[in-house]
Amino acid sequence: VYKKTLSDWEDKNNIGVLIWNLYESTNVHIIRSERFTVGVKFNAKTKGFVYNTINIGVVVNSRYGVVLSNIYHGWCNENNFFINRIQQNSTTHVTKSRFGIVITSDDGLYNNNNNVFYKPSIELSSKAGYECRAIWLEYGSNNRFENVRNEGNYNGINGNKVYLVENTSANNIINEGYGLTKCMTDMVEENGVHASTTGTGIRTEIRTIKNKLIFDSGFLPSKISQYD
């Protein structure tokens with residue numbers, strides 16, 4: 001879906017793709033969403049948005065790329081998301097903040113949980129003086145982000161703190177496949193009541209295992225059969 005005129009990014013009801021209360025679906029494909037305030041939003045109202053496998057191609061030039069939320073005691077849990085790319089062009093709304101993946105709650109009553117995001121490439125063309133968050137966990141717990149590409153997100157007012165955690169969000173895991181050579185504690189801003197978001201970068205993992213012992217043969221001469 002392509003919006004002919006670029007959104008001004010102010011109206012959160014300006015949404016490219018909005019899906020409510022989906023249940024046990026395994027063949028959902030969203031090819032492209034472009035030029036909206038919210039690129040793609042998944043919402044649970046009074047009941048669940050659960051047990052789905054969702055494929056997203058490209059979300060372009062939307063202030064909020066992919067959003068998970070709930071309202072009226074709904075719950076958005078146990079979903080698998082395969083995301084190709086969330087991207088901003090360098091000339092799009094250069095004086096406004098931008099966000100890649102957001103887990104929130106429209107009424108602030110529930111932490112959506114245990115969702116897994118596989119290999120999202122988040123490239124937001126951050127601008128000096130304006131907020132840029134690759135991932136914003138406003139109301140989300142026990143979610144996992146695997147092999148994230150974190151590129152072009154460091155020039156905002158928040159600097160290297162491209163992952164924001166707020167309110168009662170807890171126990172989320174973020175693993176980078178590509179990004180800055182930083183430990184996760186340098187990249188996560190914890191503003192909530194639980195400082196429990198963890199994760200690794202691939203470069204950190206390589207440095208950690210580089211000198212790890214794989215196998216110890218022991219003293220080989222003492223283990224070799226002796227012959228006359």
Peer 1: Determine the minimum heavy-atom distance between G74 and Y110, stating which atoms define it.
Peer 2: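 Of all heavy-atom pairs spanning G74 and Y110, the closest is O-CD2, 3.8 Å.
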Peer 1: Looking at side-chain heavy atoms only, is the closest gap between R98 and Y130 below 4.5 Å?
Peer 2: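 In short, these two side chains do not touch, never coming nearer than 4.5 Å.
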Peer 1: Taking atom CG as the centre, does L109 end up with more than 12 heavy-atom neighbours from other residues, nucleotides or ligands that are less than 6.0 angstrom away?
Peer 2: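 Result for CG/L109: enclosed.
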Peer 1: Atom CD1 of I86 and atom CD1 of I135: how far apart are they, to the nearest 0.5 Å?
Peer 2: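 Here the interatomic distance stands at 8.5 Å.
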Peer 1: Kindly indicate, with the supporting measurements, whether the criterion salt bridge (Lys or Arg N to Asp or Glu O under 4.0 Å) is fulfilled by E10 and K96.
Peer 2: CA-CA 10 Å; E10 297 302 322; K96 293 187 178 182; 3.0 Å; yes
Peer 1: Any chance the rings of F81 and F42 have centres within less than 6.0 Å?
Peer 2: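 Yes, close enough.
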Peer 1: Measure the shortest side-chain to side-chain distance between C76 and N43 over non-hydrogen atoms and say whether it is less than 4.5 angstrom.
Peer 2: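 Heavy-atom side-chain distance check fails, nothing below 4.5 Å.
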Peer 1: Taking the side chain from S141 and the backbone from N171, do they hold a donor-acceptor pair closer than 3.5 Å?
Peer 2: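 No.
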Peer 1: Decide side-chain contact (heavy atoms from CB on, under 4.5 Å) for I15 and F36; before the verdict, give the C-alpha distance in whole Å, the side-chain angles of both, and the deciding distance to 0.1 Å.
Peer 2: CA-CA 6 Å; I15 303 170; F36 297 88; 6.0 Å; no
Peer 1: Would you say the side-chain atoms of N153 pair up with the backbone N or O of A134, donor to acceptor, closer than 3.5 Å?
Peer 2: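 Looks like no, no N/O pair under 3.5 Å.
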Peer 1: Got a donor-acceptor contact below 3.5 angstrom from the S169 side chain to the G140 backbone?
Peer 2: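 Indeed, once roles are kept as given, a pair shorter than 3.5 Å links the two residues.
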Peer 1: With a sphere of 6.0 Å drawn around NZ of K3, does it hold more than 12 non-hydrogen atoms of other residues, nucleotides or ligands?
Peer 2: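 It does: K3 NZ has more than 12 such atoms within range.
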Peer 1: Distance check, rounded to the nearest 0.5 Å: S7 atom OG versus N13 atom CG?
Peer 2: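 Here the interatomic distance stands at 11.0 Å.
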Peer 1: Indicate yes or no for a side-chain donor-acceptor contact from S33 to the backbone of G39 under 3.5 Å, with no hydrogens or angles considered.
Peer 2: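 Yes.
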Peer 1: Could you walk me through whether D8 and R63 pass the salt bridge (Lys or Arg N to Asp or Glu O under 4.0 Å) test, one step at a time?
Peer 2: CA-CA 9 Å; D8 63 7; R63 186 173 204 166; over 6 Å; no
Peer 1: When you measure from the side chain of N52 to the backbone N and O of N79, does any donor-acceptor pair fall under 3.5 Å?
Peer 2: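 Looks like no, no N/O pair under 3.5 Å.
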Peer 1: Under 3.5 Å, side chain of K127 to main-chain N/O of H93, donor-acceptor pair present?
Peer 2: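 Not confirmed, K127 side chain does not pair with H93 backbone.
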Peer 1: Measuring from K45:NZ to N21:CG, what's the distance to the nearest 0.5 Å?
Peer 2: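 Nearest 0.5 Å value for the NZ-CG distance: 8.5 Å.
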Peer 1: Same cluster or not: V60 versus I54, using hydrophobic residues (I, L, V, M, F, W, Y) connected whenever any side-chain heavy atoms lie under 4.5 Å apart?
Peer 2: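 Cluster IDs for V60 and I54 differ.
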Peer 1: One pair to check against side chain to side chain donor-acceptor pair (under 3.5 Å): E24 and T26. What are the steps and the verdict?
Peer 2: CA-CA 7 Å; E24 291 185 346; T26 60; over 6 Å; no
Peer 1: As a test of understanding, state which of F117, Y163, W136 forms a ring-ring contact (aromatic ring centres under 6.0 Å, His included) with F145.
Peer 2: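 Passing option: F117.
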Peer 1: Using side-chain contact (heavy atoms from CB on, under 4.5 Å), reason through I19 and K41 one step at a time and then give a plain yes or no.
Peer 2: CA-CA 6 Å; I19 302 177; K41 184 173 182 178; over 6 Å; no
Peer 1: So do E189 and R133 actually touch side chain to side chain, heavy atoms under 4.5 Å?
Peer 2: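 Yes, close enough: below the 4.5 Å cut-off.
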Peer 1: Roughly how far, to the nearest 0.5 Å, is OG1 of T198 from CD1 of I173?
Peer 2: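 Reported value, rounded in 0.5 Å steps: 4.5 Å.
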Peer 1: For the pair V17 and V1, evaluate side-chain contact (heavy atoms from CB on, under 4.5 Å) and give the outcome as yes or no after the intermediate values.
Peer 2: CA-CA 8 Å; V17 178; V1 58; 3.8 Å; yes
Peer 1: Is it possible for you to say whether V188 and I122 belong to one hydrophobic cluster, with membership spreading through side-chain heavy-atom contacts below 4.5 Å?
Peer 2: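 Yes; I122 is reachable from V188 via cluster members.
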Peer 1: Can you tell me if N111 and T168 form a side-chain donor-acceptor pair at under 3.5 Å?
Peer 2: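 Yes.
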Peer 1: Check this for me: K119, atom NZ, are more than 12 non-hydrogen atoms of other residues, nucleotides or ligands nearer than 6.0 Å?
Peer 2: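 Open.
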Peer 1: Is there a side-chain contact between V66 and I83 (heavy atoms, below 4.5 Å)?
Peer 2: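 With C-beta onward as the side chain, the pair touches.
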Peer 1: Would you find a donor on one side and an acceptor on the other, under 3.5 Å apart, between the side chain of N158 and the backbone of C132?
Peer 2: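 It does hold such a pair.
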Peer 1: Check for me, please, whether V148 and V116 land in the same ILVMFWY cluster - side-chain distances under 4.5 Å, paths through other members count.
Peer 2: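 No, V148 does not connect to V116 through the hydrophobic network.
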Peer 1: Determine whether I103 and M187 fall in the same hydrophobic cluster, where Ile, Leu, Val, Met, Phe, Trp and Tyr are linked whenever their side-chain heavy atoms lie under 4.5 Å apart.
Peer 2: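 Hydrophobic grouping puts I103 with M187.
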Peer 1: For N61 and L6, indicate whether the former's side chain and the latter's backbone hold a donor-acceptor pair under 3.5 Å.
Peer 2: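 No, N61 side chain to L6 backbone: no donor-acceptor pair under 3.5 Å.
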Peer 1: To the nearest 0.5 angstrom, please state how far the CG atom of L137 sits from the CG atom of L68.
Peer 2: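 These two atoms lie 10.5 Å from each other.
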Peer 1: Measure the shortest side-chain to side-chain distance between K12 and Y64 over non-hydrogen atoms and say whether it is less than 4.5 angstrom.
Peer 2: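 Yes - at least one pair of side-chain heavy atoms lies under 4.5 Å apart.
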Peer 1: For the residue pair T197 and E190, establish whether any side-chain heavy-atom pair is separated by less than 4.5 Å.
Peer 2: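 SC-SC contact between T197 and E190 confirmed.
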Peer 1: What closest approach, in Å, do Y154 and V162 show between heavy atoms, and which atom pair accounts for it?
Peer 2: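 For Y154 and V162, the tightest heavy-atom pair comes out as CD2-CG1, 3.9 Å.
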Peer 1: Are a donor atom and an acceptor atom from the side chains of S105 and N70 found within less than 3.5 Å of each other?
Peer 2: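 Short answer, yes.
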Peer 1: Which pair of non-hydrogen atoms, one from D106 and one from S69, has the smallest distance, and what is that distance?
Peer 2: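 Answer, listing the atom of D106 first, then S69: OD1-OG, 2.8 Å.
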Peer 1: State, yes or no, whether a side-chain contact exists between V50 and W75 at a heavy-atom distance under 4.5 Å.
Peer 2: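 Yes, their side chains come closer than 4.5 Å.
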Peer 1: Is a side-chain donor or acceptor of N89 paired with a backbone partner of T92 at a separation under 3.5 angstrom?
Peer 2: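 Such a contact is absent between N89 side chain and T92 backbone.
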Peer 1: Between CG of N55 and OH of Y118, what distance do you get to the nearest 0.5 Å?
Peer 2: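 So the CG of N55 and the OH of Y118 are separated by 11.5 Å.
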Peer 1: Hey, are the side chains of F82 and I56 touching, using non-hydrogen atoms and a 4.5 Å cut-off?
Peer 2: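 When only atoms from C-beta onward are counted, I56 and F82 do not touch, as no gap falls below 4.5 Å.
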Peer 1: Check whether N14 reaches the backbone of T37 with its side chain - one donor and one acceptor, N or O, closer than 3.5 Å.
Peer 2: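 The answer is yes, because a donor-acceptor pair under 3.5 Å joins these two groups.
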Peer 1: Go through the side-chain N and O atoms of S125 and Q88 and say whether any donor and acceptor fall under 3.5 Å apart.
Peer 2: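 Checked: S125/Q88 side chains show no N/O donor-acceptor pair below 3.5 Å.
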Peer 1: Should we say atom NE2 of H73 is surrounded by more than 12 heavy atoms from elsewhere, each under 6.0 Å from it?
Peer 2: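 No.
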Peer 1: Judged by modelled atom types alone, do Y2 and R35 share a side-chain donor-acceptor pair under 3.5 Å?
Peer 2: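 Distance-only check passes for Y2 and R35.
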Peer 1: Please determine whether side-chain contact (heavy atoms from CB on, under 4.5 Å) holds for the pair V28 and L22, giving the CA-CA distance in whole Å, both sets of side-chain angles, and the decisive distance to 0.1 Å.
Peer 2: CA-CA 10 Å; V28 179; L22 196 65; 3.7 Å; yes
Peer 1: Can you spot which of N77, N142, N143 makes a side chain to side chain donor-acceptor pair (under 3.5 Å) with N113?
Peer 2: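 With N113 as partner, N77, N142, N143 yield a single side chain to side chain donor-acceptor pair (under 3.5 Å), made by N77.
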Peer 1: Do I30 and V59 belong together in a cluster built from hydrophobic side chains that touch within less than 4.5 Å?
Peer 2: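 Both belong to a single hydrophobic cluster.
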Peer 1: Has R149 got its NZ or CZ under 6.0 Å from the middle of the six-membered ring of Y178, at an angle within 45 degrees of the ring axis?
Peer 2: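 Yes, cation above the ring, under 6.0 Å and within 45°.
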Peer 1: Counting only heavy atoms not in L18, do more than 12 fall under 6.0 Å of its CG?
Peer 2: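 Counting neighbours around CG of L18, more than 12 heavy atoms of other residues, nucleotides or ligands fall under 6.0 Å, so yes.
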Peer 1: Taking all atoms of both residues into account, what is the closest heavy-atom pair of E176 and N150, and its distance?
Peer 2: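 Heavy atoms only, the tightest pair is OE2-ND2, 2.8 Å.
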